[in-house]
Amino acid sequence: MIAEEKLASLSYPVMPQMVSNEFPGRRAQEVIQRALQFQSPTRPSVKGRIVVESGYGAGIQDPDGNILIDLSAGVAVSNVGRNHPRVVAAIRDQAERLMHSAGLVNETTVALAERLSACMPEGLRGECFTWFGMSGSAATETAIKFAKAITGRSQIIAFEGAYHGVFHGSLALTTRENFREKFGPLMPGALHMPYAYCYRCFVDLKYPDCGVSCAKYLDYKLSTPNTGADDVAAVIVESMQADGGYIDPPVEFLQMLREICTRRGILLIIDEVQAGAGRTGKMWASEHFGVVPDMMTWAKGIGGDLPLSGVTVHKRYQDKLPLASQVITGAENALANVVALANLDILLDPQDNLIERAALLGAEIKAELAAIAADSALLDDVRGRGFFIGVELVADKAARKPLEPKRVGAILQRCEQLGVRIMACGRYGSTIRIMPPLTITKAHFREGLRRFAQAVSEVEHAQTPA
């Protein structure tokens, strides 16, 4: 397994390192003001306080020289860390030969498709083909089209709390209200079922005595007349729900979905955009559940420093798709392809064994967070696998009342002042997601969490200004 000394060489030597008297500093504030003037107000960082000038490994540096530990990994994108030397070398080598392929056959695209086929879960491995795009939203849009073409049906079932993208079709499957507001009507035929969010069960049952009622409800919906689910092409589900709260569902949940879909001739699409690429301690999170999808969408950690996404489909459906029907001019970019190949080489290197390390260290970190939560009035449920860990913030543990947005914001802001980039998610915006690069050192990981715990404690005791 990779040595801590080697991992330390893949990030800034000292972090966090806060050098400005205020955060954001003067130079960062100037960039933020320019962004507010010239960039779209729809950008995710519209209210952001962090300006990234450079990044290395598990750290990001702003224009004022502040270096923060990034426990968000660029929203679970930088699984091998930012600017990994092997990735940079691949970019330099390829940039001198070819970047844009214009959809023509290129060795880098073929090599990546072969490499992906070889590392898919058992059941897809060696029995699949891949379409390439540039974002998770595009991958979802394509999976929707493929499902309709393959089955001749029109409806897509997703789950409450889902995030599958922000384009017209993918947004219909995504449930976060601030993403959907003012953009309707969205794609017709999107239906939503309850996800296995055991901490906040939709019928207030307890696992395992519940019998996984959320999955049973899907079977009821599909088998009962006049429920509206009468033309279902596919069920799309996140193997572990990300934006909905970093939820690790019971194993039976996905297994039951697979059985229901198989029995009813419905395609099962598993979204591995955020949980995939080694983040949960396996290459694909669905491998924890022993479930094989008909299609898998992926992005983020495979492309890493360059935009890349894809839909990998079982080859039994290859002859059901119309030829030359999905044209994305900028896709199959040779530069993105070689970066993905480098990322896969790094993630699957048997000597470094980053994925197994994530499983082992993640279990330790999860236990440490649970111990911190036991002594905190604001931290409650700690869940997840590997470097995919969610922590519920609550105002009342007994009632499981979500922490107020103002206090969640105060925690995040204090973390930034202390030199840690961390993100919230969840139905109420009150779940902290812990998702650092797989290359973060143990020392940096624990220091980042120490400062997070400090921020929580300060807000709990009203020491942090609102």
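Here, residue 1 is the first one in the sequence, and each next residue gets the next number.
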Participant: Would R400 and D381 pass as an ion pair if we require N to O under 4.0 Å?
Facilitator: no
Participant: Check whether any side-chain heavy atom of T142 lies under 4.5 Å from a side-chain heavy atom of I328, and answer yes or no.
Facilitator: no
Participant: Restricting to pairs with a member in residues 189-203, which pass salt bridge (Lys or Arg N to Asp or Glu O under 4.0 Å), not counting sequence neighbours?
Facilitator: R200-E392
Participant: For the side chain of K366 and the backbone of G384, is there at least one donor-acceptor N/O pair under 3.5 Å apart?
Facilitator: yes
Participant: Roughly how far apart are M193 CE and L257 CG, rounded to 0.5 Å?
Facilitator: 11.0 Å
Participant: Would H314 and R316 count as having a side-chain donor-acceptor pair, cut-off 3.5 Å?
Facilitator: yes
Participant: Does F179, at its CZ atom, have more than 12 non-hydrogen atoms belonging to other residues, nucleotides or ligands within less than 6.0 Å?
Facilitator: yes
Participant: Report yes or no: is the cationic atom of R176 (NZ for Lys, CZ for Arg) under 6.0 Å from the centre of the six-membered ring of Y163, at an angle within 45° of the ring normal?
Facilitator: no
Participant: Kindly say whether V338 contributes a backbone atom to a donor-acceptor pair with the side chain of T108 at under 3.5 angstrom?
Facilitator: no
Participant: So, the side chain of R427 versus the backbone of E160: is there a donor-acceptor pair under 3.5 Å, distance only?
Facilitator: yes
Participant: Using ring centroids (six-membered ring only for Trp), state whether F202 and Y195 fall under 6.0 Å.
Facilitator: no
Participant: Is any side-chain heavy atom of F167 less than 4.5 Å from a side-chain heavy atom of L171?
Facilitator: no
Participant: Does a donor on one side chain and an acceptor on the other come within less than 3.5 Å for N106 and S101?
Facilitator: no
Participant: Please confirm whether the backbone N or O of A113 pairs with a side-chain atom of S117, one donor and one acceptor, at under 3.5 Å?
Facilitator: no
Participant: Hey, do the aromatic rings of F289 and F253 have their centres closer than 6.0 Å?
Facilitator: no
Participant: Regarding E368 and R450, does a basic nitrogen lie under 4.0 Å from an acidic carboxylate oxygen?
Facilitator: no
Participant: Tell me which one of D294, V237, I270 satisfies side chain to side chain contact (heavy atoms under 4.5 Å, CB included) with R258.
Facilitator: D294
Participant: Scan side-chain atoms only and decide if T130 and T312 contain a donor-acceptor pair under the 3.5 Å cut-off.
Facilitator: yes
Participant: If every non-hydrogen atom of V311 is compared with every non-hydrogen atom of W298, which pair is closest and at what distance?
Facilitator: N-NE1, 4.2 Å
Participant: We want to know whether T280 and H288 form a side-chain donor-acceptor pair, criterion being a heavy-atom distance below 3.5 angstrom.
Facilitator: yes
Participant: Just by distance, with hydrogens left out, do S40 and T42 show a side-chain donor and acceptor under 3.5 Å apart?
Facilitator: yes
Participant: Run the side-chain contact (heavy atoms from CB on, under 4.5 Å) check on R446 and I365 step by step: do they pass?
Facilitator: CA-CA 8 Å; R446 289 194 165 99; I365 294 295; 4.0 Å; yes
Participant: State whether a side-chain donor-acceptor pair under 3.5 Å links Y207 with E252.
Facilitator: yes
Participant: What are the two closest heavy atoms between M283 and E287, and how far apart are they?
Facilitator: N-OE1, 3.5 Å
Participant: Give a yes or no on whether the backbone of Y246 and the side-chain of R383 come within a donor-acceptor separation of less than 3.5 Å.
Facilitator: yes
Participant: Please identify each residue that fulfils salt bridge (charged side-chain N to carboxylate O under 4.0 Å, His left out) with R153, with sequence neighbours left out.
Facilitator: none
Participant: For residues 179-189, pull every pair meeting side-chain hydrogen bond (donor to acceptor under 3.5 Å, both in side chains), keeping only residues two or more places apart or in separate chains.
Facilitator: none
Participant: Test your reading of the model: is there a side-chain donor-acceptor pair from D380 to the backbone of L393, 3.5 Å cut-off?
Facilitator: no
Participant: Would you say H84's side chain and L10's backbone share a donor-acceptor pair under 3.5 angstrom?
Facilitator: no
Participant: State whether K145 and E141 are salt-bridged, where the test is any N-O pair (Lys NZ or Arg NE/NH1/NH2 against Asp/Glu carboxylate O) under 4.0 Å.
Facilitator: no
Participant: Check this for me: D204, atom CG, are more than 12 non-hydrogen atoms of other residues, nucleotides or ligands nearer than 6.0 Å?
Facilitator: no
Participant: Checking side-chain contact (heavy atoms from CB on, under 4.5 Å) for the pair S286/E272: CA distance, chi angles, key distance, verdict?
Facilitator: CA-CA 8 Å; S286 56; E272 291 273 2; 3.0 Å; yes
Participant: Between K221 and D230, is the closest basic N to carboxylate O distance under 4.0 Å?
Facilitator: no
Participant: Under a 3.5 Å distance rule, please check whether R125 uses its side chain to pair with a backbone N or O of M120 as donor and acceptor.
Facilitator: yes
Participant: I'd like to know if R82 pairs up with D70 as an ion pair, taking the criterion as any Lys NZ or Arg NE/NH1/NH2 lying under 4.0 Å from an Asp or Glu carboxylate oxygen.
Facilitator: yes
